[in-house]
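As structure tokens, the structure follows; a few thoughts come after it.
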Amino acid sequence: MLEDNYNHLEIEDKIYDFWEKEKLFQPKKNNNKNYFSIVIPPPNVTGSLHMGHALNNSIQDLLVRFYRLKGYETLWQPGTDHAGIATELVVEKKLKEKNLSKNILGREKFLKEVWEWKEHSGNLIINQLKKLGSSCDWTQTRFTMDKDMSSAVIKVFLELYNKKLIYKDLKLSNWDPVLKTAISDLEVEQKEVNGKLYYIKYFFNKIDFITIATTRPETVFADSAIAVNPKDNRYKNLINKFAKIPLIEKSIKIIADNYADPNHGSGAVKITPAHDFNDYEVGIRHKLEKINILEPDGKLNNNCPKKYQGIDRLEARKLIVEDLKLGDFLEKEESIKHSVPYGDRSNSVIEPYLTEQWFLNVKKLSSDALKAVKNKKTTFFPETWTKTYNLWLKDIKPWCISRQIWWGHQIPIWYGDNGKIFAAANKEDAQKKADKFYKKKNSYIKQDLNVLDTWFSSSLWPFASLGWPNKTYNFKRFYKTSVLVTGFDILFFWVARMMMMGLFVTKKVPFDKVYIHALVRDEHGQKMSKSKGNVIDPLELIKKYGADALRFTLMSMASPGRDVKLSEERVKGYRNFLTKIWNVSKFCELNNCNSNLENSINNVKLEVNQWIINEYIQTRNNIDIHMQAFRFDEASREIYNFVWNTFCDWYLEFAKSIFYSNDQDKIKETKKVFGFIFSKILISLHPFIPFVTEELWNKLKFMDFFKSPLINFTNNKEIKIIKNNNIQMINWLIKIVGLIRSTKVILQVSPGNFVDICVDNLSKNKKDFLDRNFLIFKKASRVENLFKKDEKNENILSLYSEGDAILIKFSTEISLKEQIAKVKQKIDVIKNNINISKGKLANKSFINKAPKDIVDKEKDILKNLVNDLNQLESIISIKN
RNA sequence: GGGCAUGUAGUUCAGUGGUAGAACGCUACGUUGACAUCGUAGAGGUUGCAAGUUCGAUCCUUGCCAUGCCCACCA
């Protein structure tokens, strides 16, 4: 027996263990060409599940389960990402608690710590994904720092290096002084802040000076010129003269360059090639000296006066401004709003900093990536993201791929004496190369200390996680992958780079389609953040309402191109849906509705049973259409409406009437159909709410019957719509029931009261239909008997709807006041509609230009309206 | 500065060139047989504003307004 209430806490873990133990997440090999594969966006190994993951993985699991049930050979490839900087920060924080630091430990010991941390906490996120119901093939789980993944990374690096697409360069890069590493352009966030613009005087002699404006006065020591616009008449005569940098009295030249904007600041700008990207370019044009004034940690170095050395640049700024004031070098200061670059991980001010870094020439790779999307080898959904993708790739800059941290793939480059470079897959190979070059044994080599940007290995994920470069079954069978499901926030970081690398390495696009979902926000549309305190923890919701409820909520709200605004109320609502389904199955069990019908569906005779079969097929077809179009919101709505509004509200009630009758044939057939459709419902619902459906499949013995757990039940015999026009008339019957019910409410007759009706004025077809289906009609409408139309009684009323007329007789006195008022209201509405309709039909252009079926439809509408109007008016005249 | 979205019921969102839909919420009422985590009925709309195309626009076009996001730059 089924328990009274659905208890997700007991069931979800139990069901998950069952799936996992039975190895039901592994691809079921088939010999047809249909396969479906997804690689998971690997979560950070040290991360924990947030609402974005919940949405992302619910969508993936929905797709994977949907296609698995369709009989596709299906793989969901899982894994985690080593997340270089993020993980290093976490471990460093841990060390700090123990009064340790990575520098105290040294590289080797530190990395050991990180590995230990990974072993210790790396399964957390995976276990959380399991809570959600994710049906990944965990036996294939990969980690981006695993041996295989690492050798894939090195192989690709060397290939790119040998093609000269990876190169080393000394130039300005974004430098994070807290993390003490270079970062890529993408990792820099511009933030609008309140700052000051300082106007500083550079003197030519004791009296004359030129004023420049800067937001960064601390960089004066790095100045190597002052630029003015050659067309700027104010400064024309100063070009090629020398002015002195305040505080250090160093002379720098005034140069002419179009970069100087006469309308900006004072029109004269100081040029600091080593600390500003634009100035760097100017410096190259004018062959200016690059003076670096910062230590890697952002403190001023010995290129600055002693007084400021060792002081952080932001602190030094204040000191220098004070000193400029004292020396009368400061003309004025202005408060301004300007944007300042911040590191997305450390949240510190990023410095343009002159260092030697490794770069990947992505420009060369981008053209194939653009072409592939243009030729629709890969398509985006929603399509509009294509534009964003194109825009970014068209204007792509070299990717700085080296990081001065320790946790990551160390760059496979070795240096010999004099900095001679040996690129090799491992130390032995490098040694051999070096020895050959230096013509001696055990020549000195040292590996490059840098590691690769985490996104470098991530960009290889679709093929490397499937086993490349080995010719594994999974790689051959499942690449290119079917869909990539991801958020728009990593479109550049990840998606575009995977496209480039995938095409470069495998010559194939890594995925057929890219589904881009939006952000999950709170119910007011606010971004969830710890500081706002509006973070909804998916695990808490799962605990409270079940993973199924959370999943269904997320799917129902996953409308394309829109953020998901999540409120707990919604989750509660869908929890109720689960309860509803649970209760249907109790009904199913109570009435022994469990049978296979697939082979005898053509023998179903009752119209109501034929009707529900057709309604189901229609629903299933619609779900298929929506799923293929990535309309998970529409798909979930479709099944929700069918289950609740069609199956429960009507069919189940109809079935009751039959079950409680004496007609054994009808009972037998209806029980079969009820069980059959319910089993189909469980199948259709399973991708959305896998736990409860699997549990019920099992409990209702569908599993015994179909010889398969629901998760990979694929023996779906095609069932077809039953062709019989009368079946549709169940919907008409439902409308008549509604008419009787609402009439009772208007007249304030208790809904429990029975009435008699007269249907003599209906068409023969409808009368016959009602007669055949009187059993189910009777209970739903609470109609006791039929009466003849010549009967006279005070309590008889006519009801009209769309050309149908029935009489209704109440057993008690009724007050018609309410009804009359209602009818008058209705008459007004109809009159108004008649006017609109008449106006349309009187319009010659409409008649001539509108399509014929529209005009005919309009004529029909008018006919029905006039008909209803006449009948309604006759009621009023009688009752008055 | 450039670009991309989004404005529809109280709220969150669908949808359609031909009489505007759902869920939640709200109101009233409860028919013994799965379910009160329920059922029945109902109220609720100038589809952001304006112009254009059209026989007809909520839908297509343009402009404006509002909101959100992305990219670039800002001495």
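We name chains A, B, ... by the order of the sequence lines, and we start the count at 1 in each one. In this text, all values refer to a predicted model and were calculated from it rather than measured experimentally.
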Consider side-chain contact (heavy atoms from CB on, under 4.5 Å). Of I861(A), L862(A), I836(A), which one does L841(A) pass it with? L862(A)

Report which part of the nucleic acid C588(A) touches: base, sugar-phosphate, or nothing (heavy-atom distance under 4.0 Å, all strands). nothing

Begin from the C-alpha positions of F688(A) and Y574(A) and carry the test ring-ring contact (aromatic ring centres under 6.0 Å, His included) through to its verdict. CA-CA 11 Å; F688(A) 296 89; Y574(A) 288 114; over 10 Å; no

Taking the side chain of D649(A) as heavy atoms from C-beta outward, which of rU40(B), rA41(B), rG33(B) is closest to it? rU40(B)

What is the nucleic acid contact for E653(A), judged by heavy atoms within less than 4.0 Å: base, sugar-phosphate only, or nothing? base

Output yes when at least one side-chain N/O atom of N576(A) is less than 4.0 Å from OP1 or OP2 of rC38(B), else no. yes

Taking only side-chain nitrogens and oxygens of Y389(A), does any of them come within less than 4.0 Å of OP1 or OP2 of rC70(B)? no

Base, sugar-phosphate, or nothing: which does E858(A) touch, judged by heavy atoms less than 4.0 Å apart? nothing

rU27(B) versus rA9(B) - spacing of their C1' atoms, nearest Å: 15 Å

The nucleotide from rC71(B), rG30(B), rG18(B) with an atom nearest the side chain of F492(A) is rC71(B)

Given rA14(B), rC35(B), rU32(B), which nucleotide is nearest the side-chain atoms of N583(A)? rC35(B)

When you check the gap from the basic side-chain N to the acidic O, do E568(A) and K572(A) get nearer than 4.0 Å? no

Y660(A) aromatic ring stacked with six-membered ring of rG33(B), 5.5 Å and 30°: yes

Under the criterion salt bridge (Lys or Arg N to Asp or Glu O under 4.0 Å), I'd like the reasoning laid out for D185(A) against K397(A): C-alpha separation, chi angles, the key distance, then a yes or no. CA-CA 9 Å; D185(A) 298 345; K397(A) 308 245 159 55; 5.9 Å; no

Quick one: label K840(A) by what it contacts on the DNA or RNA (base, sugar-phosphate, nothing), any heavy atom closer than 4.0 Å. nothing

Please report the distance separating the C1' of rG39(B) from the corresponding atom of rC69(B), rounded so that it comes out in whole Å. 44 Å

Stems field, RNA chain B, Watson-Crick or wobble, 3.5 Å, at least 3 pairs, by first number, holds B:1-7 with B:65-71, B:10-13 with B:21-24, B:26-30 with B:38-42, B:48-52 with B:60-64

Nearest listed nucleotide, side chain of Q190(A), among rU31(B), rC73(B), rU37(B): rC73(B)

I'd like to know if E589(A) pairs up with K586(A) as an ion pair, taking the criterion as any Lys NZ or Arg NE/NH1/NH2 lying under 4.0 Å from an Asp or Glu carboxylate oxygen. no

Looking at every heavy atom in both P560(A) and P382(A), which two are closest together, and how far apart are they? CB-CG, 4.0 Å

Just the rounded figure in Å: distance from P of rA72(B) to CD of E189(A). 12 Å

Touch check for I854(A), heavy atoms < 4.0 angstrom, all strands: base, sugar-phosphate only, or nothing? base

Check whether any side-chain nitrogen or oxygen of S750(A) sits under 4.0 Å from OP1 or OP2 of rU31(B), and answer yes or no. yes

Please check the phosphate of rA34(B) (OP1 and OP2 only) for any side-chain N or O of K586(A) closer than 4.0 Å. no

Between rA41(B), rG18(B), rG30(B), which nucleotide gets closest to the side-chain atoms of K857(A)? rG18(B)

5'-most contact on RNA chain B: I861(A) or G267(A), nearest heavy atom basis? I861(A)

Any side-chain N or O of K580(A) under 4.0 Å from OP1/OP2 of rG39(B)? yes

Residue of the set F674(A), F587(A), F678(A) for which ring-ring contact (aromatic ring centres under 6.0 Å, His included) holds with Y651(A): F674(A)

May I ask you to decide whether D853(A) forms a salt bridge with K857(A), counting only side-chain N to carboxylate O separations under 4.0 Å? no

N833(A) side chain, from C-beta outward: closest of rA34(B), rU31(B), rU19(B): rU19(B)

Expressed in angstrom and rounded to an integer, what is the separation of K394(A) atom NZ from rC70(B) atom P? 21 Å

Would you say a side-chain N or O of R741(A) is under 4.0 Å from OP1 or OP2 of rG39(B)? no

Between R631(A) and E638(A), does at least one N-O distance fall below 4.0 Å, as a salt bridge requires? no

Indicate, with a heavy-atom threshold strictly under 4.0 Å, whether S742(A) touches base, sugar-phosphate, or nothing. sugar-phosphate

Between rU58(B) and rA20(B), how many Å separate the two P atoms, rounded to a whole number? 10 Å

Same-atom distance (C1') from rA28(B) to rC70(B), integer angstrom: 50 Å

Describe the nucleic acid contact of L652(A) in one word from base, sugar-phosphate, nothing, applying a heavy-atom distance below 4.0 Å. base

Indicate whether OP1 or OP2 belonging to rC24(B) is found under 4.0 Å from a side-chain N or O atom of Y640(A). yes

For rU11(B) versus rG44(B), give the span between their C1' atoms, rounded off to a whole number of Å. 13 Å

Rounded to whole Å, NE2 of H264(A) lies from P of rG1(B) at a distance of 13 Å

Has N583(A) got a side-chain atom pairing as donor or acceptor with T579(A)'s backbone, closer than 3.5 angstrom? yes

R570(A) side chain, from C-beta outward: closest of rA34(B), rG18(B), rC24(B): rC24(B)

For a quick check of understanding: with a heavy-atom distance under 4.0 Å over all strands, which category does P851(A) fall into, base, sugar-phosphate or nothing? base

By nearest atom, which of the nucleotides rA34(B), rA14(B), rG18(B) is closest to the F846(A) side chain? rG18(B)

rU40(B) OP1/OP2 closer than 4.0 Å to side-chain N/O of K744(A): no

Closest to the P751(A) side chain: rA34(B), rA14(B), rC29(B)? rC29(B)

Taking only side-chain nitrogens and oxygens of W644(A), does any of them come within less than 4.0 Å of OP1 or OP2 of rG39(B)? yes

At under 4.0 Å, does any side-chain N or O of K565(A) touch on OP1 or OP2 of rC13(B)? yes

Does the side chain of P246(A) reach to within under 4.5 Å of the side chain of K201(A), using non-hydrogen atoms? no

Taking atom P in both rA23(B) and rC29(B), what distance in whole Å separates the two? 22 Å

Look at all strands and tell whether V745(A) reaches a base, only sugar-phosphate, or nothing, counting heavy atoms closer than 4.0 Å. sugar-phosphate

At less than 4.0 Å, is any side-chain N or O atom of K387(A) found next to OP1 or OP2 of rA5(B)? Yes or no. yes

Determine the Euclidean distance between corresponding C1' atoms of rG52(B) and rC13(B); express it in Å to zero decimal places. 30 Å

Rounded interatomic separation in angstrom, taking CD from Q748(A) and C1' from rU27(B): 14 Å

Distance check, C1' atoms only: rG42(B) and rG48(B), in whole angstrom units. 29 Å

On RNA chain B, does the nearest nucleotide to G738(A) precede the nearest nucleotide to P560(A) from the 5' side, or the other way round? Give the residue. P560(A)

Name the one of E858(A), K859(A), K852(A) that satisfies side-chain contact (heavy atoms from CB on, under 4.5 Å) with V855(A)? K859(A)

Would you say T384(A) places a side-chain N or O within less than 4.0 Å of OP1 or OP2 belonging to rC4(B)? no

